[in-house]
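Okay, structure first, notes after.
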Amino acid sequence: MVEHPLQSLAAYSRFVAELLDRSSVERSTVVVWSASPYTGIAEGEVYFSDGIRIRLREELDFDAGLITSYGYEVYRHDERLYWYDDFPHPNNATLATTFPHHKHVPPDIKQTVSLHQK
């Protein structure tokens, strides 16, 4: 039986360690911790050999097996290229069908697009 990564702190920690154990990852500051048996936090940065860096923060619910909140920012060196978050944008009707998932993209980085748009 395959272990679901979001079933426990130990399972998610192993999942993250396996993801980061790749030749394209130069280094990482990602840590996963918990103050209770039911929830956790994952946060830090992953530095890739091609100059890309991902900054992430996830709030985890092990009881429900869900990532309940997240933010991912993608950089090339010091330039922020785009980011994903789950924050509501009530004034943007294009996001209503995919709430809460969306991506912020240039040229107006505060503009958002649905993850389901092409």
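Judged by distance alone, the side chain of His77 and the main-chain N or O of Glu79 form no donor-acceptor pair under 3.5 Å.
A continuous path of hydrophobic side-chain contacts links Leu56 to Phe48 [ILVMFWY only; heavy atoms under 4.5 Å]. Hydrophobic clustering, with ILVMFWY side chains joined whenever heavy atoms are under 4.5 angstrom apart, keeps Val31 apart from Tyr72. No continuous path of hydrophobic side-chain contacts links Tyr47 to Ile52 [ILVMFWY only; heavy atoms under 4.5 Å]. Residues Leu20 and Tyr75 fall into different hydrophobic clusters, defined by Ile, Leu, Val, Met, Phe, Trp and Tyr side chains chained together at heavy-atom separations under 4.5 Å.
Residues forming a ring pair (Phe, Tyr, Trp, His ring centres under 6.0 Å) with Tyr12 (at least two apart in sequence, or on another chain): Phe15. Residues passing the side chain to side chain contact (heavy atoms under 4.5 Å, CB included) test with Asp21, sequence neighbours excluded: none. Residues meeting the salt bridge (charged side-chain N to carboxylate O under 4.0 Å, His left out) test with Glu58, sequence neighbours left out: none. In terms of the side chain to side chain contact (heavy atoms under 4.5 Å, CB included) criterion, Ala17 has no residue partners (sequence neighbours excluded).
Of all non-hydrogen atoms in Gly65 and His4, the two that sit nearest each other are O-CE1, 4.1 Å.
In this structure, the side chains of Leu60 and Leu66 stay at 4.5 Å or more apart for every pair of heavy atoms. Contact annotation: the side chain of Ile41 never approaches that of Val32 to less than 4.5 Å [non-hydrogen atoms, C-beta and beyond]. With a 4.5 Å cut-off on side-chain heavy atoms, Tyr70 and Tyr84 count as touching.
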Practice item. Apply side-chain contact (heavy atoms from CB on, under 4.5 Å) to Arg53 and Val74, showing your working. Key: CA-CA 6 Å; Arg53 172 175 48 105; Val74 180; over 6 Å; no
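Screening residues 30-43 for side chain to side chain donor-acceptor pair (under 3.5 Å) gives Ser36-Thr39, Glu43-Arg57 as the qualifying pairs, with residues at least two apart or on separate chains.
Distance check: Arg14 CZ to Ser8 OG gives 6.0 Å after rounding to the nearest 0.5 Å.
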Could you list the donor-acceptor pairs under 3.5 angstrom formed by side chains in residues 23-30, with sequence neighbours left out?
unit_1 : atom_1 : unit_2 : atom_2 : d
Ser28  : OG     : Val30  : N      : 3.0
Ser28  : OG     : Glu45  : O      : 3.4
Thr29  : OG1    : Glu45  : N      : 2.8

